[in-house]
A.B. asks: 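There's a structure below that I have some questions on.
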Amino acid sequence: MTRAEFEDAVRDALDEIPAELAAMMDNVVVLVEDEVPPGEEELLGLYEGTPLTERGEFWAAGSLPDRITIFRKPTLAICDDRDDVVEEVAVTVVHEIAHHFGIDDARLHELGWG
């Protein structure tokens, strides 16, 4: 899958987020990278930022956007075909958005999004 096709899959996954939930996302950008950071080879996605549940009154003063990064090559490596990639991207996008809302990995695993 080309990078453009992978980016389309990420965009499609974001389009599937319910509008009322997407409207609550605040100061977050979603990016695609080919490779994971060194030492993080098991990652398919990464949330970096301050979850909405932890933001205080003065949080926004000078804050850069939170970042959700979806990693292309590790995702492609674990998937058998295009349909698998699309499904894995959708799960990863939901997983990382959940972190933006303050849901941790343990709870995501309980909910079946681990």
Side-chain angles (χ1 to χ4, degrees):
M1 177 178 278
T2 67
R3 181 169 175 117
E5 291 170 327
F6 190 85
E7 289 173 352
D8 287 344
V10 171
R11 192 173 303 110
D12 291 345
L14 288 167
D15 287 345
E16 293 299 316
I17 302 299
E20 48 288 343
L21 187 63
M24 292 188 294
M25 293 175 65
D26 183 40
N27 200 31
V28 61
V29 62
V30 179
L31 307 166
V32 171
E33 294 289 341
D34 282 336
E35 302 288 349
V36 297
E40 301 289 344
E41 287 73 21
E42 75 284 355
L43 292 179
L44 301 180
L46 178 64
Y47 170 73
E48 299 171 285
T50 303
L52 296 176
T53 55
E54 296 177 17
R55 294 181 183 181
E57 183 178 326
F58 297 104
W59 172 85
S63 295
L64 294 173
D66 290 7
R67 295 169 42 117
I68 292 174
T69 307
I70 308 300
F71 299 108
R72 186 174 76 94
K73 288 185 178 179
T75 302
L76 296 179
I78 68 162
C79 294
D80 294 325
D81 56 32
R82 181 183 182 77
D83 290 341
D84 284 349
V85 172
V86 169
E87 183 178 332
E88 190 60 54
V89 165
V91 168
T92 303
V93 166
V94 168
H95 183 104
E96 301 309 327
I97 288 173
H99 288 320
H100 177 67
F101 283 98
I103 302 170
D104 65 16
D105 281 329
R107 182 66 179 136
L108 283 168
H109 284 274
E110 289 173 11
L111 297 170
W113 291 95

A.B. asks: Tell me whether Glu54 contacts the main-chain N or O of Pro51 through its side chain, where contact means a donor paired with an acceptor under 3.5 Å.
C.D. replies: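 Judged by distance alone, no pair lies under 3.5 Å.
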A.B. asks: Could you tell me whether a side-chain N or O of Arg82 sits under 3.5 Å from a main-chain N or O of Met1, the two making a donor and an acceptor?
C.D. replies: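 No, because the side chain of Arg82 does not come within donor-acceptor range (under 3.5 Å) of the backbone of Met1.
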A.B. asks: In Å and rounded to the nearest 0.5 Å, what is the CG to OG1 distance from Asn27 to Thr50?
C.D. replies: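 Asn27 atom CG to Thr50 atom OG1 measures 9.5 Å (nearest 0.5 Å).
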A.B. asks: I need the Asp84 CG to Thr75 OG1 distance, nearest 0.5 Å.
C.D. replies: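 Asp84 atom CG to Thr75 atom OG1 measures 11.5 Å (nearest 0.5 Å).
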A.B. asks: Distance from Met25 atom CE to Asp66 atom CG, nearest 0.5 Å?
C.D. replies: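 Those atoms lie 9.0 Å apart.
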A.B. asks: Less than 3.5 Å apart, any donor N or O on the side chain of His100 or Asp26 sitting next to an acceptor on the other?
C.D. replies: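 Judged by distance alone, the side chains do not pair up.
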A.B. asks: Check for me, please, whether Val93 and Val29 land in the same ILVMFWY cluster - side-chain distances under 4.5 Å, paths through other members count.
C.D. replies: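 No: no chain of side-chain contacts under 4.5 Å links Val93 to Val29.
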A.B. asks: So how far is it from Leu21 CG to Ile97 CD1, rounded to the nearest 0.5 Å?
C.D. replies: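 Result: 7.0 Å between the selected atoms.
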A.B. asks: Is any NZ, NE, NH1 or NH2 atom of the basic residue among Arg11 and Asp8 found under 4.0 Å from an Asp or Glu carboxylate oxygen of the other?
C.D. replies: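 Counted as a salt bridge, because a side-chain N and a carboxylate O are separated by less than 4.0 Å.
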A.B. asks: His109 vs His95 aromatic rings, parallel, tilted or perpendicular, using cut-offs 30° and 60°?
C.D. replies: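 His109 and His95: perpendicular rings.
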A.B. asks: Rounded to the nearest 0.5 Å, how far does CG of Asp12 lie from CD of Glu7?
C.D. replies: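 Nearest 0.5 Å value for the CD-CG distance: 12.0 Å.
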A.B. asks: For Glu33 and Thr69, work out which heavy atoms get closest and say how close.
C.D. replies: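 Smallest interatomic distance, heavy atoms only, reads CG-CG2, 3.4 Å.
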A.B. asks: Among Ile, Leu, Val, Met, Phe, Trp and Tyr joined by side-chain contacts under 4.5 Å, find the other residues sharing a cluster with Val36 and list them by chain and number.
C.D. replies: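 For the cluster that includes Val36, the remaining residues are Leu43, Leu46, Phe71.
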A.B. asks: Hey, quick one: are Leu44 and Ile70 part of the same hydrophobic cluster, counting side-chain heavy atoms closer than 4.5 Å, chains of contacts allowed?
C.D. replies: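 No, Leu44 does not connect to Ile70 through the hydrophobic network.
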A.B. asks: What closest approach, in Å, do Asp34 and Pro74 show between heavy atoms, and which atom pair accounts for it?
C.D. replies: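 So the minimum-distance heavy-atom pair works out to O-CD, 3.5 Å.
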A.B. asks: In Å, rounded to the nearest 0.5 Å, how long is the span from CD1 of Ile68 to CD of Glu48?
C.D. replies: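 Here the rounded value is 10.5 Å.
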A.B. asks: Decide if atom CD of Glu42 counts as having more than 12 heavy atoms of other residues, nucleotides or ligands within a radius under 6.0 Å.
C.D. replies: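 Yes, enclosed.
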A.B. asks: So, the side chain of Glu40 versus the backbone of Pro38: is there a donor-acceptor pair under 3.5 Å, distance only?
C.D. replies: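 It does not hold such a pair.
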A.B. asks: Do any N or O atoms from the side chain of Arg3 and from the backbone of Arg72 form a donor-acceptor pair under 3.5 angstrom?
C.D. replies: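 No; zero donor-acceptor contacts below 3.5 Å.
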A.B. asks: Pairs in or reaching into residues 85-97: which pass salt bridge (Lys or Arg N to Asp or Glu O under 4.0 Å), with residues at least two apart or in two chains?
C.D. replies: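 Every pair satisfying salt bridge (Lys or Arg N to Asp or Glu O under 4.0 Å) with a residue in residues 85-97: there are none.
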